[in-house]
Amino acid sequence: MSLFLFLSFVALLSALGVVLAKNPVHSVLFLILTFFTLSGHYLLLNAQFLAAVNIIVYAGAIMVLFLFVIMFLNLNEDTEPHKPALAKFAAAIAGGSLLLILVAAMRNVSPAGYDPASFDSQIGMVDKLGLVLFREYALPFELASVLLLAAMVGSVMLGKRETGERNF
């Protein structure tokens with residue numbers, strides 16, 4: 001329980017750091033920390049595959065792409081346009097409305113308790129996920145692979161130069 005509370009505290013602080021950081025690079029670094037704490041939550045829920053995918057895909061590949069774009073754009077305070085007070089007020093109203101809606105939606109939720117008799121420790125394991133994926137969802141899995149193959153062939157065909165063709 002204490003590890004859950006620690007991870008939750010760090011996740012909330014780093015999420016606030018994402019929003020409140022003045023420097024966009026610091027904001028991305030806070031977002032990476034948020035992804036790592038969420039992966040810790042996945043591990044506590046016995047979902048090792050989701051934790052690994054979260055770290056590899058989001059904290060690794062996507063955040064490198066974000067950092068590259070931010071550094072490529074060279075964002076700084078001098079080039080940032082001034083935001084009017086009306087826009088800041090509208091953002092505060094929208095955020096407050098979202099908070100009010102979330103509190104109203106979660107008001108009558110009662111979490112289920114822990115039942116050791118029905119607990120299955122193998123529920124989040126990768127082999128169980130693979131069995132479900134290839135037994136119950138084999139057709140959508142194969143259709144997705146055909147779609148990705150068609151996208152790769154299309155990108156190769158679009159990028160291929162014809163003989164004698166000049167590029168600018």
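We number each residue from 1, following the sequence as shown.
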Atom pair [atom1] ([X]) and [atom2] ([Y]), whose distance is rounded to the nearest 0.5 Å:
| X | Y | atom1 | atom2 | value |
| --- | --- | --- | --- | --- |
| Thr34 | Leu12 | OG1 | CG | 9.0 Å |
| Leu147 | Met152 | CG | CE | 10.5 Å |
| Asn23 | Leu29 | CG | CG | 8.5 Å |
| Leu13 | Thr37 | CG | OG1 | 10.0 Å |
| Phe4 | Leu45 | CZ | CG | 8.0 Å |

Suppose we screen for side chain to side chain contact (heavy atoms under 4.5 Å, CB included). Which residues come up paired with Leu3, at least two apart in sequence or across chains?
Leu7, Leu44

If the condition is side chain to side chain contact (heavy atoms under 4.5 Å, CB included), which residues does Leu131 pass it with, not counting sequence neighbours?
Arg135

Between Ser27 and Val18, what is the shortest heavy-atom contact and its length?
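Closest approach of Ser27 to Val18, heavy atoms only: OG-O, 2.8 Å.
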
Could you name each residue pair satisfying ring-ring contact (aromatic ring centres under 6.0 Å, His included) that touches residues 9-37, not counting sequence neighbours?
Phe35-Tyr58

Holding to ring pair (Phe, Tyr, Trp, His ring centres under 6.0 Å), I want the full list of residues that pass it with Phe134, two or more places apart in sequence or in another chain.
Phe141

Would you say [Y] ends up clustered with [X] if hydrophobic residues are merged whenever their side chains have heavy atoms under 4.5 Å apart, either directly or through other cluster members?
| X | Y | answer |
| --- | --- | --- |
| Ile32 | Val53 | yes |
| Val28 | Val57 | yes |
| Val64 | Leu31 | no |

Quick note, side chain to side chain donor-acceptor pair (under 3.5 Å) partners involving residues 86-96, not counting sequence neighbours, are none

Write out all pairs satisfying side chain to side chain donor-acceptor pair (under 3.5 Å) with one or both partners inside residues 140-150, taking only residues at least two apart or from two chains.
none

Hydrophobic side-chain clustering at under 4.5 Å (ILVMFWY, transitive links): who's grouped with [X]? Put none if nobody.
| X | value |
| --- | --- |
| Val103 | Leu99 |
| Ile93 | Phe89 |
| Phe6 | Val10, Leu33 |
| Leu102 | Leu98 |

Taking only residues two or more places apart in sequence, or in another chain, which ones meet Ser39 in a side chain to side chain donor-acceptor pair (under 3.5 Å)?
Asn54

Once side chain to side chain donor-acceptor pair (under 3.5 Å) is applied, do any residues pair with Ser8, and if so which ones, sequence neighbours excluded?
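Only His41 meet the side chain to side chain donor-acceptor pair (under 3.5 Å) criterion with Ser8.
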
Using side-chain contact (heavy atoms from CB on, under 4.5 Å), reason through Gln48 and Asn46 one step at a time and then give a plain yes or no.
CA-CA 6 Å; Gln48 291 85 5; Asn46 202 23; 2.6 Å; yes

